[in-house]
Undergrad: 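Just dropping this structure here.
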Amino acid sequence: MTNRAIAHRRKWALDLAGRRGERGNENLPAPPGYRSSVSQVHAEASRQGDPNLVIKKAWDTALSPLKSVPMNLFLMFMAGNSISIFPIMMVGMMLLRPIKALWATGATFRTIEGTHSGLQKLIYLLGNLVNVGLALYKCHSMGLLPTHASDWLAFQEPAIQMEFSHGGMVLG
Amino acid sequence: MAARAAALGLLLCFAAVGLTYGIYEDQIGKFDWVQQYVGVVTHAVFDESSVPARRIIVATAQNVLAALSTKNGEIVWRHILESSEAGKVDLLVSEGPQITTIAGNLLRSWDVITAVLVEEIQLDHAPAAGVLQRAVSLSDSELVVVEVMVGSVALTTLDRSSGATLDQETLAVPWLTPNTRCACGDKTLVCVEVSVGLMFLLPLTTANPVFKSQPLTSIGLQQSENAPEVTLQRVSGSPSHMIIQVAESRKLIHLHEDELHLVRDLSGSRASAVTEGVLYSVMQTGRLVTIGAVQLESGEELGEQGVVVELPLQSGSVLSLDVHRFERRDGGMALRAFVTCSDHAVHLISSAGVVWSREESLASVITAEAVDLPVDGANINYHDKLPPLTGLLGSLVHRVQTQCSQISHWFKSVVGTTDSFQESLNTLKRDDLNLRKLLVVASGSGKILGIDSWNGDVVWSIYAPLLAPLQGNKLLLYSQRTSAHFPLHPQCVVVGRHKITGEGLLVLFNPISGTTIGERGGMVALGYPLAQAFLMHYPDDQYLKPLLLVDQELLPHMFPASGEKVVLEHKDSIFVHLVQPGSSILTGYTLRFSKLGMLTLSEVWTVTLGGGPITGVHGKLVSEKVHSPGRVLADRSVLYKYVNPNLAVVSTQGYDHINKNTVNLYLIDTVTGAVIESVSHKKVSGPLHIVHSENWVVYTLFNDKYRRFEVTSLELFEGMSQANATAYSSFGGRATPPILERQAYIMPVGVQAATHTTTEKGITTKFILFALQSGNVLQMSKWFLDPRRPITGGPQEEGLMPYIPELRISPHDMITYNYTLPRITAIYTAPTGLESACIVLVYGLDLFYTRMFPSKMFDVLKDDFDHYLIGGALLALALAALITRKLAQKKALKQAWK
């Protein structure tokens, strides 16, 4: 961090002492105890230790929706099938969160790169879909989904009359 | 569980109790009006207890005794006597402060001022069978009831104070035929038989009465074999004078010492009355009525007492006259003439003109129809000619023109007038929600009237003197074209019978302006006796729905003739079913084999129904709309309704093998003739009132066994699936018959008429309107009569109450609140532009109109809805959101600079 800061400052420092052409850091001797290769080595080391961590982190992210399934199941069981404000809020959250997460899949996985990223994305998607499915199942068991014929009854057009019959008692 | 179900049931009961629809006291008369009538006046006397007479006492053909104010014609009091023959007033006499009536076997005296029944004497007299005419002669101590029958005359002398029979005698009279005219005057019965050229007199006072004959030639009339129209009338005001009219010649005769003397030739006059030795006679030319006065003793014309007045528009011819003469304060003589006309209207005439008129034809309304008023501005172009059909461009130009004129009219109305409400009251135009309608009614007198539903005013009237009701006291009123097809005129038609020939008669008119359409006053004589008439479903190119008329030979005719093309185009889908009166055979016909110029009805099926003759065929309303095709059950599945538009309820009434009354109802598909269901009731009697709508039938009966009125409800369902959801055809039905659900309920009161509410789209809950025998109109939700109300305490399905046989009647459910409407014949309901609203016209002796909101006003914001507060709050919130957004942006910018 400090090195970068120094480098950064150096880039903008105005060197009035030297002349044109003589300017440049190559000409200057390094300060005592400074080895230019160290930072590179450090970076190298950190890069070598990273992949495991990243993969682990990535799998964590990918599996998080699936991990929340048992918890959701428990919550669903506890909430019951009655329609009141808290179960509705809960079901709403359960439905909205995975959908939001699905939209934001790209953003979540942007930082994660690696050989498994495709698979992770897939698992992440699947997990979220499982959550959506669970929420839908809950909606269904609460009777909030228009899955019955009775729900569409009001939209049914009246039947067209094919025959017309007239008559009654003879009035003569 | 059982306790829970019971608790739920109780809760639902309370919820049902909460479903009352009464109105508040300050709403009385706001949306409803009532008009009281007395009926066709048959007897009238001026109340002699005060001078000048303040009241006219009338007795009517509807068995009503009433007093009309001479000042304004309002009903001072009214007594509804017994219906049928028992209440028919035979005699009405004024005796000082009382009036005496004889109706049936009751002699009653009434106080003129207080309308109190002073005295009632039961006469010891049972009416004989086959009485052609009944006449009563009343004196101070006794009365004689004369019953004229074919071939005999029965005389009963009764004691006036006790009603006991003093003497009874039946005379064999061989010359007496149904064409003989008899009248009773001055203790003598006078009969006229033109075919033998004789008049017969029978003194009613002697112990052994014998008919004395006198030739017609003695009073200057001729014998006639070809049965001319003969009338024999008493002259009001004088018991010893009578009028005989044979064809056109009319004679005033005087009865003196058992002989008839010719007094005057009154040919040309309409009616006469005698008062204080002066004879008044009415001459009529069109609307102009001339009352001439003649001194009877001297024969001198009293020109100064004559009156010439003009009757209101569309008046009929004068039928009777009653005259009251009194001395004015300044010493001169004044005259009040009470005139009844053939259109059932009554007028009180003074020397200055018509004092008041009463439109009593509205007491015998047969059919009604609500007509939409034209939208504002549509009126102005009615007089323009029809646009020549010049294709697309021409019609476009015309449309733009009419719409421009409508816009300019609207603009004028916005800018010009300040009191638009007052103006809208005076001009007939549609209101925003189409709640104001023009009620077109056709009455038994041949008068067709247009009534403004806003206030009940008669806007126009058409009197067709030749129009008479068809058999069964029916007139058919159809709207052939509505006012929606601007600039074409709306058109309505009344189908009836020609009074003289008995053949079919149509009256065509514009229901908005009240003008007749076509020549001869809009009347079209059909030239054949009519069997039935129906309005076709399809309009012709002028948007006019043609009328299919079936004559007695079962030949179809079209009116207008251009309708034939329309019918031929759809001939495969038009079916006709007919029942001859008194038969138990229903026959179905098709128009399939018709050719151009030759329409034919071909018989396709017959159904012979058991249980006596067919008494009625009740189809559904043609314009009915069923919004919901099914019913949602508790498990959210759908029970589909059996909505067959061609289903008819056919009722038969007869006797079973042990001679008990039975009523059978058959639900018949009138296209195929298939009997879908049948219901039989034993030991029940009518009157049967059937309400048939959507997939249900509700009918009321009297149960002879338990002696109570019952309401039965039937409902038909197709099942859990639908054969064809998009179209209904009687031929393409499913194999399984529909499911019939039924239940019966006990009605605490008898019913005079019943109908259901109709709304524009059929979304609103249906209510059933029962006109009770008590004279109220009860509204009852169909929900209470649901045949699926569970009997056992099972699961509470579909929010239905558990079955309780007794129906609760709450006074809040009377749409007539404290009015009592006597003799209700029918209830008419019509939809409005507002889905939740339905207009109701109850007719009979009185007219009652109101609006109904069966599902309350679910599509209208409440009165206390605060538009300003809510609008203001919304605006303020939007403003606040805008301002805070700006502020937040500023703050964020400031923070960024830090």
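We name chains A, B, ... by the order of the sequence lines, and we start the count at 1 in each one.
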Undergrad: Which answer fits B:Ser628, side chain, backbone, both or neither, if we ask what part of it has an atom under 4.5 Å from a heavy atom of chain A?
TA: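 Answer is side chain: those atoms of B:Ser628 sit under 4.5 Å from chain A.
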Undergrad: Is any side-chain heavy atom of B:Val576 closer than 4.5 Å to one of A:Ser165?
TA: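 No, side chains not in contact.
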Undergrad: Chain A heavy atoms under 4.5 Å from B:Asp635: which part of the residue, side chain, backbone, both or neither?
TA: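 Contact with chain A: backbone only.
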Undergrad: Is B:Tyr528 close to chain A through its backbone or its side chain, or both, or neither, when contacts mean heavy atoms under 4.5 Å?
TA: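 For B:Tyr528, there is no contact with chain A at all, as no heavy atom is under 4.5 Å.
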Undergrad: Do A:Pro158 and B:His627 have side-chain heavy atoms sitting under 4.5 Å apart?
TA: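 Heavy-atom side-chain distance check fails, nothing below 4.5 Å.
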Undergrad: When you compare the side chain of B:Leu530 with that of A:Leu171, does any pair of heavy atoms fall below 4.5 Å?
TA: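 Contact flag for A:Leu171/B:Leu530 side chains = no.
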Undergrad: Among B:Val550, B:Leu470, B:Leu578, find the residue that satisfies the side-chain contact (heavy atoms from CB on, under 4.5 Å) test when tested with A:Val170.
TA: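 It is B:Leu578; the other options fail the test.
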Undergrad: Using heavy-atom distances under 4.5 Å, tell me whether B:Gln580 contacts chain A through its side chain, its backbone, both, or neither.
TA: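 Both parts, backbone and side chain.
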Undergrad: A:Phe164 and ring-ring contact (aromatic ring centres under 6.0 Å, His included): which partner among B:His537, B:His570, B:His577?
TA: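 Among B:His537, B:His570, B:His577, the one meeting ring-ring contact (aromatic ring centres under 6.0 Å, His included) with A:Phe164 is B:His537.
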Undergrad: Counting only heavy atoms not in A:Lys67, do more than 12 fall under 6.0 Å of its NZ?
TA: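 Counting other residues, nucleotides and ligands, NZ of A:Lys67 exceeds 12 neighbours.
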Undergrad: Under a 4.5 Å heavy-atom cut-off, does chain A meet the side chain of B:Gln722, its backbone, both or neither?
TA: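 B:Gln722 touches chain A through side-chain heavy atoms alone.
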Undergrad: For chain A, which of B:Ser583, B:Gly502, B:Pro581, B:Pro629 has the most heavy-atom pairs under 4.5 Å?
TA: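 With the most close heavy-atom pairs to chain A, the winner is B:Pro629.
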Undergrad: State, yes or no, whether a side-chain contact exists between B:Gln471 and A:Met169 at a heavy-atom distance under 4.5 Å.
TA: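 Not touching, per the 4.5 Å side-chain cut-off.
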Undergrad: With a sphere of 6.0 Å drawn around NZ of B:Lys499, does it hold more than 12 non-hydrogen atoms of other residues, nucleotides or ligands?
TA: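 Yes, enclosed.
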Undergrad: Below 4.5 Å from any heavy atom of chain A, which atoms of B:Pro529 appear? Answer side chain, backbone, both or neither.
TA: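 Neither part.
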Undergrad: Specify the closest pair of heavy atoms between A:Ser150 and B:Ser637, including all atoms of both residues, with the distance to one decimal.
TA: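 Answer, listing the atom of A:Ser150 first, then B:Ser637: CB-O, 4.4 Å.
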Undergrad: Exactly one of B:Asp669, B:Ile574, B:Asn646, B:Thr672 should register a side-chain contact (heavy atoms from CB on, under 4.5 Å) with A:Glu163. Which one does?
TA: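 Single pass found, and it is B:Asn646.
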Undergrad: Suppose a student defines contact as a heavy atom less than 4.5 Å from any heavy atom of chain B. Which residues in residues 126-148 of chain A would they list?
TA: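 From residues 126-148 of chain A, the residues near chain B are A:Gly143, A:Leu145, A:His148.
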Undergrad: Contact part of B:Leu535 toward chain A, heavy-atom cut-off under 4.5 Å: side chain, backbone, both or neither?
TA: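 For B:Leu535, backbone heavy atoms alone lie under 4.5 Å from chain A.
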Undergrad: Going by heavy atoms in the side chains, are B:Gln532 and A:His166 under 4.5 Å from each other?
TA: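 The answer is no, as the side chains (C-beta and beyond) never meet within the 4.5 Å cut-off.
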Undergrad: Please tell me if the side chains of A:Gln156 and B:Tyr640 come closer than 4.5 Å, counting only heavy atoms from C-beta onward.
TA: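 In contact.
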Undergrad: At under 4.5 Å between heavy atoms, what parts of residues 72-84 of chain A are in contact with chain B? List them by residue number.
TA: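 Residues of residues 72-84 of chain A touching chain B at under 4.5 Å: none.
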Undergrad: Using a 6.0 Å cut-off, check whether atom NZ of B:Lys571 has over 12 heavy atoms from anything other than its own residue.
TA: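 Yes, because the 6.0 Å sphere around NZ of B:Lys571 holds more than 12 heavy atoms from other groups.
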Undergrad: With only heavy atoms counted, which part of A:Glu157 is less than 4.5 Å from chain B, the side chain, the backbone, both or neither?
TA: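 Answer is backbone: N, CA, C or O of A:Glu157 sit under 4.5 Å from chain B.
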